[in-house]
**Q** 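Pasting in a structure now, in structure tokens, and then I'll have a few things to ask.
Read the numbers this way: they start at 1 and go in the same order the structure lists the ligands and their atoms.
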Amino acid sequence: MKIYLKIWRQKNYSEPGFFEDFCLDEVSSDLSLLEALDLLNERLTRESRRPISFDSDCREGICGTCGFLINGRPHGGFEGLTTCQVYLRKFKNEDTLVLEPFRGGPFRIITDLVVDRSKFDEIITAGGYISASVGQAPEANSILVPKEIAEEAFDAAACIGCGACVAACPNGSAMLFTSAKIYHLNKLPQGRPEAKKRASRMISKMIESGFGACSLHGECETVCPKKISLKVINFALREARR
Ligand code: FES
């Protein structure tokens, strides 16, 4: 198949960016979009041109490293898929794909399609952990967790921190990400002792970091590849208020 690409090129944060056009001819529809970009990069390298920078690691939808806008939608807007799971067969022959970096909140463009998501790490550092005294590991079954609580916590823990929620939010809010972390820790008995402190610290850090406040637009839930529900936000706000 033949695919036209319009890709955001930007050398670094301080230089202005622009769209550059490329064409990939006779590529298999069984290639993933990232594999197609790999092919394009091989070509650019052979021609001594600057390859396109983009993030990826696991390429299986697990790590949350990949992510950019495909035709204006984070990860292309395909239900339950990360950018690395998007295959060319999702598009029609001779389609044009516009690829842009995630923009929103304090995500700064590092280069091309790569943005700095380190503010997420700062939010985690503010409370996304459980304090435990050193010593011997406790017996695994000494704190029993009801099945439904374990499952709810696990659903929220599926958040891979890709940043699609921020990119989709008109306020540039990271509330879905922050709340998913609060939810999965606060739901579990091991997380209860620090629950209130965790919620208020992480939400304050999110705002301090430059992300917008949440007004429950719900765009984040729609684009989340792990289908994290808006209910985590209500829960986190309740916890912080308490
Ligand atoms: S590269 Fe790991 S989720 Fe896409």
**Q** Considering only NZ, NE, NH1 and NH2 on the basic side and carboxylate oxygens on the acidic side, decide whether Asp38 and Arg59 come within less than 4.0 Å.
**A**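 Looking at Asp38 and Arg59, the cut-off is met.
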**Q** Within the stated cut-off of 2.8 Å, is an N/O/S atom of Cys162 closer than that to atom 4 (Fe) of ligand 1?
**A**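 Checking Cys162: none of its N, O or S atoms is under 2.8 Å.
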**Q** Has Asp57 got any heavy atom lying under 4.0 angstrom from an atom of ligand 1?
**A**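 Judged by the 4.0 Å heavy-atom criterion, Asp57 does count as contacting ligand 1.
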**Q** List ligand 1 atoms under 4.0 Å from Arg59, heavy atoms only on the residue side.
**A**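 By the 4.0 Å cutoff, the relevant atoms are 1 (S), 2 (Fe).
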**Q** For Ile62, take its heavy atoms, then give the atoms of ligand 1 lying under 4.0 Å from any of them.
**A** 3 (S)
**Q** Could you tell me whether the side chain of Glu20 reaches within less than 4.5 Å of the side chain of Arg49, counting heavy atoms only?
**A**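 SC-SC contact between Arg49 and Glu20 confirmed.
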**Q** Please determine whether side chain to side chain donor-acceptor pair (under 3.5 Å) holds for the pair Glu122 and Thr125, giving the CA-CA distance in whole Å, both sets of side-chain angles, and the decisive distance to 0.1 Å.
**A** CA-CA 5 Å; Glu122 291 176 22; Thr125 310; over 6 Å; no
**Q** Looking only at protein heavy atoms, which one is nearest to atom 3 (S) of ligand 1, and what is the separation?
**A** Gly64 N, 3.2 Å
**Q** Is it possible for you to check whether Lys119 lies under 6.0 Å from the centre of the six-membered ring of Phe211, through NZ or CZ, and within 45° of that ring's axis?
**A** no
**Q** Answer yes or no: is there a donor N or O on one side and an acceptor on the other, between the side chain of Lys205 and the main chain of Gly127, under 3.5 Å?
**A**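 Checking the backbone N and O of Gly127 against the side chain of Lys205, no donor-acceptor pair under 3.5 Å is found.
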**Q** Between Asn93 and Lys2, is there a donor-acceptor pair closer than 3.5 Å when you use the side chain of the first and the backbone of the second?
**A**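 Such a contact is found between Asn93 side chain and Lys2 backbone.
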**Q** Can you tell me, to 10 degrees, how wide the angle at atom 2 (Fe) of ligand 1 is between SG on Cys58 and SG on Cys63?
**A**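 It comes to 100°.
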**Q** Numbering the atoms of ligand 1 from 1, which are under 4.0 Å from a heavy atom of Gly61?
**A**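 Ligand 1 atoms under the 4.0 Å threshold to Gly61: 3 (S).
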